[in-house]
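Computed from a predicted model, the values in this text were never measured in an experiment. Note on naming: letters A, B, ... go to the chains in the order of the sequence lines (proteins, then strands), and numbering restarts at 1 for each one.
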Amino acid sequence: MSHLHTAALKATKLNHLKQLHAQLFQRSLCSDNYWVAQLIKLCTRLHAPPTYVNRVFDSVHQPNVFIFTNILKFYSQLGAHSDVLYLFDKMQKCNVAPDAFVYPILIKASGKWGVVFHAHCIKMGHDWDRFVRNAIMDMYGKFGPLEIARELFDEIPERAVADWNAMISGCWNWGNEVEARSLFDLMPEKNVVTWTAMVTGYSRRKDLENARKYFDQMPERSVVSWNAMLSGYAQNGCSEEVIRLFNEMMSCGVCPDETTWVTVISLCSSHGDASLAEGLVKMINDKGVRLNCFAKTALLDMYAKCGNLAMSRKIFDELGTYKNLVTWNAMISAYARVGDLASARGLFDTVPEKNVISWNSIIAGYAQNGQSKVAIDLFKDMIAKDVLPDEVTMVSVISACGHLGALEFGNWAVNFLEKHQIKLSISGDNALIFMYSKCGNMKDAEKVFQSMDTRDVISYNTLITGFAAYGNAIEAVELLWKMKKENIEPDRITYIGVLTACSHGGLLEEGRRIFDSIKDPDSDHYACMVDLLGRNGKLDEAKCLIGSMAMHPHAGVYGSLLHASRVHKRIDLGEFAASKLFEIEPENSGNYVLLSNIYASARRWEDVDRVRGLMTIGGVKKTTGWSWIEHKGEMHKFIVGDRSHERSADIHRVLSETEKKMRLAGYMADTSCVLKDVEEEEMEEMVGTHSEKLAVAFALLVTEPHSVIRVVKNLRICRDCHTAIKIISKMEGREIIVRDNNRFHSFSEGQCSCKDYW
DNA sequence: ATAGGGTTAG
């Protein structure tokens, strides 16, 4: 028998464990309580997979308290708290009375619900056990109320160092620096844990100076102390310090543990620094370090954030049954981040157990990749499955509503926030500002902005961009001054917004001044500036500006010039801009169409034909987009020639009735003169089923007569459609609000409020 | 100790 004990003591690898298991099997000791307990203890030490432990556990007929204690420890080490609680339940069902060894494990695993076991312990008389008492104190220190921890602490006749430590950490948890320090100074004997608690405490207060002071004064340091200091630096964004301290740690001969690796690896991920990551991986490989599931997950995330998705997937697959929910979620969001929604969705659908973060990852994935409707539908699924969304979910959903212009559903979401007491932080408020301004509700957008007690650059940018879309240039410019006064540094997006606002609002000089104040303007700023000059007829100046650029102008810059050339009928500049655009983005049909329109307005039909020819030769297809409309919180989409909508027949009936009414009312001349310049087949398309027209017809169909129709999202109104809406608004006597990308047009009584449009 | 959120245009 004794050689079995030696084997158990010597086991360092999973194989040793399996050999021992086999020997026990030969001697029919596999269901012997003593040996099963020993095996489980070894599993904990050697990080065996849970499936193996369960097999060992299942082979015993009547598990005793030792076996339960050991398996509880096993799952506790894994952080599998629900398994711990499940096993405790099983333990009670097996009529095995928990002893003083069980309760500390149990209390640690149950988080704030540990309170329940406090009463248990008193009833069973275990509350006088120093380990149990310490665990209870620790729990109150973490989850509160701290006063109870203090009472327990004061009642202890002979306080152990661990009791002091628990109390000090408790004070830090509740932000009581003074009390923590006075306890520290009062302590008769301190150990590494005490010192480390001080380092952790100061780190969490972002007081790195004091953290470092205690760290430097420590009589001895454990890995945990190093980790505390490292994560202090990491969480405060001091990446150079992390690297320096990590190297110092290595040269002091301290062996990094798994936490160290996790800290350093996740630092690399937040940096997205591939070369840093590479060095780290090399070090890990050279040392032959075996990483646990936490570190592997961090590594997976790091590769994903450094752009190496293949490695992420490799780690994911290699983890096999070891992976936990965090691993799954990391992989899902890795795919979502790069826009591989199919892979993300595939994983999401196969996650054994989803949590809010799984849902958030996939919803954010769709929301960030232009699939707002899918994001919202998934959110609806989530609610139907009774998963409670949190703030992060709502931020994605609200943003998605903004992108779609889905104000009705957006308002529903705001109600949901109130009903479920979900508090929004700065990102949430920013998302709200975004949603309201995208939906044309600047009043509420401003209201949210005013109500915030801290605003960041994104809050300003979002509101500025909202005003820009409306042409409220003065408000946008004022916001720029206001943010400077609040010491919030404008970034490139701020300037894009302000310049766009000046452009839409006709503030030429102001725009010029602002443009000149930008430290290093990029192509986007130049594009805005060209647009601003172009709208004001300063086309030659715009061309000079392009010539003065230090970098290669991107398509947007020439696009603005081409647009202005069309408005101001400048064939020379239009040809110049278009020729550049045909090089930069030969597949963009819009450029060909614009140039051909410029020629058409000058009645240069041969050139019109030539440009059309270019399109055919280049195989450029006119791209058509979907038009969206919201009705009762549901989004409906339409595209040319599509009859998949369930009310398609009605829609086409309304469309033809409206057109008939228009003709009867004598509006034909109006539209036909527009149509004269286009070819037969295109005319068919224009008078036929343009997506915008379908959307408007749907709106006419579903809304009450004389009510406001809100038509939103991607309604690029062609000239023909613009005329049609004007006429409808007059004939039906109702207001129609239309959003053409970012501009709002309000039609009523045959007038469109947006004057400079055509 | 590892996973999720907000702003860009014609």
Side-chain angles (χ1 to χ4, degrees), chain A residues 79 224 227-228 230-231 234-235 257-266 269 291-302 304 323-334 336-337 355-365 367-368 389-400 402 424-435 437-438 456-466 468-469 491-497 499-500 503-504 522-525 527-528 530-531 534 554-564 566 588 590-591 594 716 740-743:
Chain A
V224 184
N227 290 344
L230 279 172
S231 84
Q235 260 147 37
D257 73 350
E258 276 142 342
T259 308
T260 321
W261 291 116
V262 170
T263 309
V264 184
I265 293 170
S266 66
S269 352
L291 299 175
N292 67 2
C293 169
F294 277 53
K296 287 247 176 78
T297 302
L299 203 62
L300 182 159
D301 188 55
M302 180 191 80
K323 55 178 170 278
N324 60 21
L325 185 51
V326 179
T327 320
W328 281 91
N329 290 344
M331 198 66 228
I332 292 172
S333 52
R337 217 173 358 247
N355 65 1
V356 209
I357 298 185
S358 324
W359 284 94
N360 290 349
S361 304
I362 195 76
I363 289 175
Q368 286 164 2
D390 65 6
E391 196 208 338
V392 178
T393 327
M394 299 312 290
V395 170
S396 290
V397 169
I398 291 169
S399 159
L424 291 185
S425 65
I426 200 156
S427 317
D429 285 333
N430 290 347
L432 270 182
I433 297 174
F434 174 70
M435 181 195 78
S437 57
K438 273 280 192 184
D456 64 6
V457 63
I458 298 181
S459 325
Y460 276 95
N461 289 354
T462 311
L463 194 63
I464 286 174
T465 309
D491 63 5
R492 43 182 304 278
I493 295 175
T494 318
Y495 286 112
I496 294 175
L499 290 176
T500 309
S503 186
H504 287 178
D522 63 22
S523 259
D524 284 328
H525 301 123
C528 294
V530 169
D531 187 63
H554 65 206
V557 180
Y558 292 116
S560 298
L561 186 64
L562 182 61
H563 224 86
R566 151 92 175 138
N588 186 342
N591 300 324
L594 259 176
R716 308 188 79 110
D740 172 7
N741 283 338
N742 276 316
R743 309 213 61 187

Asks: With a 4.5 Å cut-off on side-chain heavy atoms, are A:P389 and A:W359 touching?
Replies: no

Asks: Counting only side-chain heavy atoms from C-beta out, which of B:dG4, B:dG5, B:dA9 sits nearest to A:T500?
Replies: B:dA9

Asks: Run the side chain to side chain contact (heavy atoms under 4.5 Å, CB included) test against A:I458 and tell me which residues pass, sequence neighbours left out.
Replies: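 Applying side chain to side chain contact (heavy atoms under 4.5 Å, CB included) to A:I458 gives A:N430, A:D456, A:T462.
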
Asks: Measure distances between side-chain N and O atoms of A:N355 and base N and O atoms of B:dA3, and say whether any donor-acceptor pair falls under 3.5 Å.
Replies: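 When only heavy-atom distances are counted, A:N355 does reach the base of B:dA3 through a donor-acceptor pair under 3.5 Å.
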
Asks: Would you say A:H504 places a side-chain N or O within less than 4.0 Å of OP1 or OP2 belonging to B:dA9?
Replies: no

Asks: Give one of base, sugar-phosphate or nothing for A:T263, where a contact means two heavy atoms less than 4.0 Å apart.
Replies: nothing

Asks: Rounded to the nearest Å, what distance is computed from the CH2 atom of residue A:W359 to the C1' atom of nucleotide B:dA3?
Replies: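 For the pair A:W359 CH2 and B:dA3 C1', the rounded distance is 17 Å.
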
Asks: Classify the nucleic acid contact of A:S560 as base, sugar-phosphate or nothing, counting any heavy atom under 4.0 Å across all strands shown.
Replies: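 Answer is nothing: A:S560 stays at 4.0 Å or more from every strand.
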
Asks: A:D301 has an atom CG; how far is it from atom P of B:dT2, in whole Å?
Replies: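 That distance rounds to 10 Å.
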
Asks: Would you tell me if any nitrogen or oxygen in the side chain of A:T327 comes within less than 4.0 Å of OP1 or OP2 on B:dT2?
Replies: no

Asks: Mind calculating the distance between CG (A:D491) and C1' (B:dT7) to the nearest angstrom?
Replies: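 In whole Å, B:dT7 C1' lies 8 Å from A:D491 CG.
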
Asks: Between C1' on B:dA3 and CD1 on A:I363, what's the gap in Å once rounded to a whole number?
Replies: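 Interatomic distance, CD1 of A:I363 to C1' of B:dA3: 15 Å.
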
Asks: What's A:S425 touching, base or sugar-phosphate or nothing? Going by heavy atoms closer than 4.0 Å.
Replies: base

Asks: Just call it for A:D456: base, sugar-phosphate, or nothing, with non-hydrogen atoms closer than 4.0 Å on any strand.
Replies: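 Here A:D456 touches the bases of the nucleic acid.
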
Asks: Students often get this wrong, so: under 4.0 angstrom with heavy atoms, is A:D429 touching a base, only sugar-phosphate, or nothing?
Replies: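 Touches nothing.
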
Asks: Can you sort out the partners of A:D531 under side chain to side chain contact (heavy atoms under 4.5 Å, CB included), two or more places apart, ordered by chain and number?
Replies: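 Residues passing side chain to side chain contact (heavy atoms under 4.5 Å, CB included) with A:D531: A:S503, A:R535, A:S560.
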
Asks: Name the closest nucleotide to the A:V395 side chain, picking from B:dG5, B:dT7, B:dA3.
Replies: B:dG5

Asks: If I take atom CZ in residue A:F434 and atom P in nucleotide B:dT7, what distance separates them, rounded to the nearest angstrom?
Replies: 5 Å

Asks: A:L562 has an atom CG; how far is it from atom P of B:dA9, in whole Å?
Replies: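 Rounded to the whole Å, the gap is 19 Å.
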
Asks: Under 4.0 Å from OP1 or OP2 of B:dG4: is there any side-chain N or O of A:R337 that close?
Replies: yes

Asks: Assess the side chains of A:N329 and A:N360: does a donor N or O sit below 3.5 Å from an acceptor N or O?
Replies: no

Asks: Given B:dA1, B:dG5, B:dA3, which nucleotide is nearest the side-chain atoms of A:A330?
Replies: B:dA3

Asks: Look only at the side chain of A:E258 and the backbone of A:F294, and say whether a donor-acceptor pair between them is shorter than 3.5 Å.
Replies: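 No: the side chain of A:E258 does not pair with the backbone of A:F294.
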
Asks: Any base atoms under 4.0 Å from A:T462, or only sugar-phosphate, or nothing? Heavy atoms, all strands.
Replies: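 Touches sugar-phosphate only.
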
Asks: Can you identify which nucleotide, out of B:dG10, B:dG5, B:dT7, has its nearest atom closest to the A:H563 side chain?
Replies: B:dG10

Asks: Can you find a donor-acceptor pair, distance only, under 3.5 Å between A:D390 side chain and B:dG4 base?
Replies: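 Yes, the side chain and the base share a sub-3.5 Å donor-acceptor pair.
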
Asks: Which nucleotide in the list B:dA3, B:dG10, B:dG5 gets nearest to the side chain of A:V326?
Replies: B:dA3

Asks: Roughly, in whole Å, what's the span from CG in A:L499 to P in B:dG10?
Replies: 11 Å

